[in-house]
K.L.:
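Could you have a look at this structure, given as structure tokens, before my questions?
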Amino acid sequence: MLIAQITDLHITAPGGRACGGIDTAEPVAAVIAQLNALEPRPDLVLVTGDLVDAGRMEEYEVVAELLDRIEMPVRILPGNHDNRDNLRAAFAPRGWVPADGGPFIQQVVEDLPLRIIMLDSVIPGHTDGELDDARLEWLRRRLAEAPDHPTMVAMHHPPFVSGMPGLDRYRCANGDRLAAIIEAYPNVLALVCGHLHRPVSIRWAGTLAFVAPSAARQIALRMGTDMPFAWTAEPPALALHLYRGAEGLVSLTRGVGEEFAPATARNS
Ligand SMILES: [Fe+2]
């Protein structure tokens, strides 16, 4: 089975600009067109937060129109730029987030060979994230329900240090407590995140932790402590998680761009 992941769309109201001054709807539309053209076809599309830039309802109306183009089932979790009430109002009627999840927007996708637990790491008004007692306990219970079922955990904020100091200060707090929970479940094949606007992978808590690149715009790779934050022209992208049972889970990324055969093949 194949799971697609798109993240950090940062959609604005019509005419708005985000991610350093671009019309984010343009790259996101291109990523979605690419998603629909994928072969094989994903079974599910996970959207891992920051769907819009300022949490406003008019932005959710724009992103809903874009996400409605996706030809596969969609599930959503929130990021730091999202507003839970507006996100729920836009997407609960589509069944993409639970209509009544209590204070957090969390859900479990149960009907696939890979079980997917989607966590809410948002602290309203903050760029960084956290998993507090209630959310960690919710995860513990969900994992205990199916300890032998291959599982993927998804959340917006990475809980680990990426090596990019300018971004690491905005990671998810209580990463050590999350790691202790996940370490007890070897059936967790991967933890997938967004937030960093570039691909990152790390062996963490006995599993593979992975950050998908942004569907709108990437952040420059800057590993020095005093380097100011910058955007980069690396292409908008999606991630794919291919689960092949005993052969395991492989995670790939795909930037937006045309495919063309090498000249030698074209000329032969
Ligand atoms: Fe974010």
Side-chain angles (χ1 to χ4, degrees), residues 4-13 16-22 24-25 27-28 31 45-56 59-60 62-63 66-67 74-88 90-91 96-97 104-106 118-132 135 153-175 178 191-202 204 209-222 228-232 234 236-239 253:
Q5 181 188 0
I6 59 173
T7 195
D8 298 274
L9 288 64
H10 290 268
I11 295 299
T12 64
R17 294 286 181 272
C19 297
I22 61 165
T24 45
V28 168
V31 166
V45 178
L46 294 183
V47 188
T48 51
D50 285 358
L51 281 76
V52 301
D53 199 54
R56 288 155 51 200
E59 299 178 321
Y60 284 103
V62 178
V63 78
L66 288 162
L67 296 179
V74 175
R75 293 291 180 276
I76 294 172
L77 59 79
N80 49 294
H81 284 256
D82 289 304
N83 173 287
R84 287 192 187 112
D85 292 339
N86 290 342
L87 190 151
R88 201 179 259 129
F91 297 115
W96 297 352
V97 297
F104 309 116
I105 298 181
Q106 310 195 115
M118 302 177 71
L119 288 165
D120 178 336
S121 58
V122 172
I123 314 169
H126 289 245
T127 304
D128 58 333
E130 70 169 0
L131 292 178
D132 53 14
R135 285 174 272 188
V153 177
M155 57 197 276
H156 182 70
H157 297 82
F160 54 84
V161 171
S162 72
M164 297 180 280
L167 301 177
D168 284 333
R169 74 179 85 149
Y170 302 120
R171 69 182 181 275
C172 180
N174 292 336
L178 174 63
L191 167 70
V192 303
C193 308
H195 193 51
L196 298 182
H197 290 239
R198 57 179 312 109
V200 177
S201 59
I202 179 176
W204 183 84
F210 172 85
V211 178
S214 167
R217 196 175 218 189
Q218 312 312 331
I219 289 175
L221 174 57
R222 293 188 154 186
F229 171 91
W231 299 98
T232 173
E234 292 170 48
L238 56 86
T253 62

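As the structure lists them, so they are numbered: ligands from 1, and atoms in each ligand from 1. Basis for what follows: all heavy atoms, side chains included, without hydrogens, waters or symmetry-related copies.
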K.L.:
Taking the basic N atoms (NZ, or NE/NH1/NH2) and the acidic carboxylate oxygens, is any pair closer than 4.0 Å for R171 and D168?
P.N.:
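The answer is no: the pair does not qualify as a salt bridge.
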
K.L.:
Please name the atom of D50, restricted to N, O or S, that is closest to the Fe ion (ligand 1).
P.N.:
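Nearest N/O/S atom of D50: OD2.
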
K.L.:
Using the Fe ion (ligand 1) as the vertex, how large is the angle between OD1 of N80 and NE2 of H156, rounded to 10 degrees?
P.N.:
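Rounded to 10°, it measures 80°.
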
K.L.:
Restricting to N, O or S atoms of H195, which is nearest to the Fe ion (ligand 1)?
P.N.:
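This turns out to be ND1.
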
K.L.:
Can we call the ring centroids of H157 and H126 under 6.0 Å apart?
P.N.:
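No - the distance between ring centres of H157 and H126 does not fall below the 6.0 Å cut-off.
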
K.L.:
Could you check whether any side-chain heavy atom of L9 comes within less than 4.5 Å of a side-chain heavy atom of L67, counting everything from C-beta outward?
P.N.:
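Result yes, sub-4.5 Å side-chain heavy-atom pair found.
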
K.L.:
With heavy-atom distances below 4.5 Å as the criterion, would you say the side chains of R217 and P27 are in contact?
P.N.:
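Result no, sub-4.5 Å side-chain heavy-atom pair not found.
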
